Protein chains: 2
Amino acid sequence: MTTTRRLHTQQDMRRRNLAAVLYAVADGGPASRARVADRIGLTRTAVSTLVDDLLAAGLLAEAGLGHSGAPGRPGTVLALSDRGPCGLGAEIGVDHLAVCAVDLRGRVRARAAVDSANRGSQPGPVLARLAELVTHVHDEVTAAGLHPAGLRVAVPGLVSRDRAHVVQAPNLGWRDVDLTTGPLAAHAPPTADNEANLGALAELWIGDPVCRTGDVLHISAEIGIGSAILTDGRLLRGNRGFAGELGHVPVRRRGEPCACGGRGCLEQYAGEAALLRAVGLDPARAVADHPGPGARSAYLGGRARDGDPDVLRALRGAGTDLGIALTGATHLLDPHALVLGGALAVLAPWLLPSLTAELGRRLGTAPPLVVSRLGADGPLLGAAHAVTRAVLDDPLRTGAAPA
Amino acid sequence: MTTTRRLHTQQDMRRRNLAAVLYAVADGGPASRARVADRIGLTRTAVSTLVDDLLAAGLLAEAGLGHSGAPGRPGTVLALSDRGPCGLGAEIGVDHLAVCAVDLRGRVRARAAVDSANRGSQPGPVLARLAELVTHVHDEVTAAGLHPAGLRVAVPGLVSRDRAHVVQAPNLGWRDVDLTTGPLAAHAPPTADNEANLGALAELWIGDPVCRTGDVLHISAEIGIGSAILTDGRLLRGNRGFAGELGHVPVRRRGEPCACGGRGCLEQYAGEAALLRAVGLDPARAVADHPGPGARSAYLGGRARDGDPDVLRALRGAGTDLGIALTGATHLLDPHALVLGGALAVLAPWLLPSLTAELGRRLGTAPPLVVSRLGADGPLLGAAHAVTRAVLDDPLRTGAAPA
DNA sequence: GCCATTTCGTCAGGGCTATTTACAAATTAG
DNA sequence: CTAATTTGTAAATAGCCCTGACGAAATGGC
């Protein structure tokens with residue numbers, strides 16, 4: 001940043017104020033123009049002109065008069081439109097595909113999913129199957145009067161900075177896959193992002209409110225153990241987009257060697273494969289026996305619920321090791337809360353005792369541990385919401401209703 | 001943030017554009033109005049009016065005509081004023097006090113320091129001694145035509161959110177000290193910040209350029225081992241302001257118990273006290289023998305330079321343990337670079353071999369390791385620059401020259 | 001030395017944005 | 001029914017930046 005700091009023009013100001021109005025309604029609920037003006041600190045006049053633009057663009061809708069009981073003329077209630085733009089989110093998991101659509105109000109308006117063995121697959125056919133699902137969801141919401149404003153795809157891997165390419169997805173066996181030229185291109189310019197990141201953003205946007213009140217470390221386990229650092233309402237991505245690799249934080253000085261090149265990585269003790277091995281199962285075999293998102297976790301959870309001592313011991317150990325890694329992360333980040341998402345949310349009942357014990361022992365006062373309520377849906381919902389968020393952030397550019 | 005997003009009014013836009021002009025000159029060097037306009041993307045007309053305000057406020061100064069050799073009328077060169085506002089920075093160390101003043105151009109215009117045994121001291125007398133130094137520096141820069149715009153104090157401890165109080169400074173033995181009512185109050189509303197944070201910000205603002213190109217983890221050791229996470233040009237402070245406690249990241253699963261309540265903390269193996277013990281010295285005794293900022297590090301560095309095998313072995317071990325902690329931090333943050341500051345910069349020649357070896361072993365490709373060139377001056381300079389930065393960020397509010 | 005060319009800084013006019021002020025409309029309280 | 005209160009809009013105003021034009025001050029070729 002030698003020079004050229006961000007430009008601050010009048011259009012910029014207008015754009016931000018339009019976004020401010022939308023977020024005032026999104027965060028604070030439906031309200032009259034005057035109430036919105038109070039919330040964002042502009043005058044009623046200014047808000048009126050902003051609202052006019054947003055009504056014309058189909059982002060806001062008037063929802064009748066709001067009789068509050070107090071004296072004075074009642075205001076016309078403004079709400080985010082449920083027939084305006086919507087976001088399409090897709091997910092490419094190792095053994096399933098899913099698509100959903102959410103409207104500006106955050107409601108899921110359509111969804112579709114199929115099992116699909118994507119590990120070591122060719123991108124073409126997988127994307128073709130996904131495109132079918134997208135078409136299905138697209139048609140459904142279009143029939144409901146919504147206009148898809150974009151498509152974001154959650155992938156278990158690294159994504160290029162412009163979000164157009166999947167740079168590397170080890171568990172799929174993909175390298176350098178261009179989404180914009182494949183079968184997905186038909187609907188909207190498709191964009192990709194990492195599934196763990198989208199899961200964390202979902203937590204920030206529609207999950208536990210604690211994520212909105214301060215910095216948070218969001219831990220999720222799907223195949224590996226990932227995490228995401230939410231600071232100041234944004235995601236810390238790091239230099240190459242690799243930030244959050246909690247699974248490779250060392251928890252034993254001279255422990256098991258790991259595929260990452262290190263040794264004693266958390267993943268060797270608390271990862272899915274390690275848990276399966278610890279209860280005497282072959283990881284590859286277990287995946288074949290229990291395909292689908294979260295299936296192994298559900299299986300382990302089931303055995304834990306039945307009181308299986310091997311599983312309970314394995315989960316206890318994993319919680320302890322997770323506690324060591326999170327002790328380090330907490331000292332480094334001083335987060336407002338630790339959020340367990342994905343498979344960890346499912347297994348939380350049996351991880352939490354040893355995890356909280358270890359954190360308490362080492363930290364004295366540990367940040368509150370929160371279990372996500374989004375579960376395995378996080379990445380998919382995050383993808384769809386990323387699209388609607390982009391519309392809210394820059395209403396007139398992306399949000400204009402088709403003529 | 002239920003409601004009330006940031007307000008975007010015309011005054012805001014103006015303020016940012018004023019700041020953009022100043023930063024264009026600060027980062028890109030002196031330049032004509034037309035050149036500044038090119039840099040920040042505004043028109044020459046707009047820049048002219050902005051510059052008029054900044055000249056009137058005494059923040060910019062015209063420095064004659066710039067004959068470039070190219071055809072065309074030469075522009076009048078604009079530079080940051082060296083007689084305008086300046087920043088006062090102060091530092092309360094465990095065994096010294098220091099004050100300096102920097103002008104808008106970043107030059108140190110005055111400084112003063114004294115040794116002072118502040119460990120376990122009463123705040124009153126210490127602040128009184130510091131106030132004397134401040135007065136001295138203040139008078140010196142005032143004589144040079146500068147106007148101190150504020151005073152920031154670097155303290156080895158935790159500071160309240162409004163920067164008015166020292167909440168806790170264990171190494172000084174201070175709790176809840178209000179700076180605004182003490183002897184410092186005479187000069188300007190004094191504000192405090194943590195010394196490690198200010199050291200990292202100094203690195204960001206005037207240190208290695210790598211800190212300005214991406215996220216960076218800045219590691220410093222004064223008494224403990226601290227660090228600071230610089231992301232997106234800002235400092236990640238965490239929930240309570242405790243972020244960056246690298247010294248208490250566990251590096252041994254069942255290691256030495258630590259005063260923090262944990263065990264196996266990095267500080268037990270790579271901290272100053274641990275190093276001194278490892279070479280057979282009593283830490284308290286060593287502090288008495290070698291008072292002053294960085295004195296123990298300098299002493300150890302001296303013995304290392306002489307080839308003392310005990311010291312070399314201790315530093316080698318510290319480098320390895322630091323490498324383990326930084327492996328975890330790197331996986332978590334994926335920083336653009338790791339910067340060694342403070343005492344670590346002094347000892348870097350003997351820490352680096354084992355540190356880089358450990359990082360290379362565990363990470364494959366580690367982020368570049370950079371040794372700070374600011375050394376022990378970082379926090380003090382950061383404090384002074386924090387004041388001038390605040391002036392640049394909001395020129396007309398804080399920067400107006402006294403009438 | 002003189003003129004064309006180029007660049008710099010400024011002035012006048014205009015557009016966009018939000019604010020101020022005023023007012024009609026719609027409700028409650030008495 | 002009247003007074004009080006709140007809402008939404010209209011007209012006028014102020015602030016900020018942009019466009020277009022112009023004089024000023026340099027270079028370069030003749």
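Note that the structure is predicted; figures quoted are calculated from it, not measured. The sequence lines fix the lettering, A, B, ..., with proteins before strands; numbering per chain opens at 1.
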Can you find a donor-acceptor N/O pair under 3.5 angstrom joining the side chain of [X] to the base of [N]?
X       : N      : answer
A:Arg73 : D:dT7  : yes
A:Gln10 : D:dC16 : yes
A:Arg33 : D:dG8  : no

Could you tell me the separation between the [atom1] atom of [X] and the [atom2] atom of [N], rounded to a whole number of Å?
X       : N      : atom1 : atom2 : value
A:Leu18 : C:dC16 : CG    : P     : 15 Å
B:Asp52 : C:dC11 : CG    : C1'   : 12 Å
A:Gln11 : C:dT17 : CD    : P     : 6 Å
B:Asp12 : D:dG15 : CG    : C1'   : 13 Å
A:Leu54 : C:dT17 : CG    : C1'   : 15 Å
B:Leu78 : C:dG9  : CG    : C1'   : 11 Å
A:Arg16 : C:dT17 : CZ    : P     : 14 Å
B:Leu50 : D:dG15 : CG    : P     : 15 Å

Over 12 foreign heavy atoms within 6.0 Å of [atom1], [X]:
X        : atom1 : answer
A:Arg14  : CZ    : yes
B:Arg105 : CZ    : yes
B:Arg237 : CZ    : yes

Any side-chain N or O of [X] below 4.0 angstrom from OP1/OP2 of [N]?
X       : N      : result
A:Thr45 : C:dA18 : no
A:Thr76 : D:dG8  : yes
B:Ser48 : C:dG9  : no
A:Asn17 : C:dT17 : no

Categorize B:Ser32 for me: base, sugar-phosphate, or nothing, with a 4.0 angstrom heavy-atom threshold over every strand shown.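 Sugar-phosphate contact only - B:Ser32 comes under 4.0 Å of backbone atoms but never of a base.
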
At 4.0 Å (heavy atoms only), tell me whether B:Arg44 reaches a base, stays on the sugar-phosphate, or touches nothing.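 Counting heavy atoms under 4.0 Å across all strands, the contact made by B:Arg44 includes a base.
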
If I take atom NE2 from residue B:His336 and atom CG from residue B:Leu230, how far apart are they, to the nearest 0.5 angstrom?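 That separation rounds to 13.0 Å.
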
Distance in Å, A:Arg109 CZ paired with A:Leu88 CG, rounded so as to fall on 0.5 Å steps: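 The distance works out to 12.5 Å.
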
Proximity to the side chain of A:Leu65 - top-ranked nucleotide from C:dA18, C:dT27, D:dA26: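 Closest of the options to the side chain of A:Leu65: C:dT27.
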
Assign each of A:Met13 and A:Pro74 to its nearest nucleotide of DNA chain C by heavy atoms, then name whichever residue's nucleotide is nearer the 5' end.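 Per heavy-atom nearest nucleotide, the more 5' residue is A:Met13.
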
Most 5' of A:Gly72 and B:Thr49 on DNA chain C, judged by nearest nucleotide: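 The answer here is B:Thr49.
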
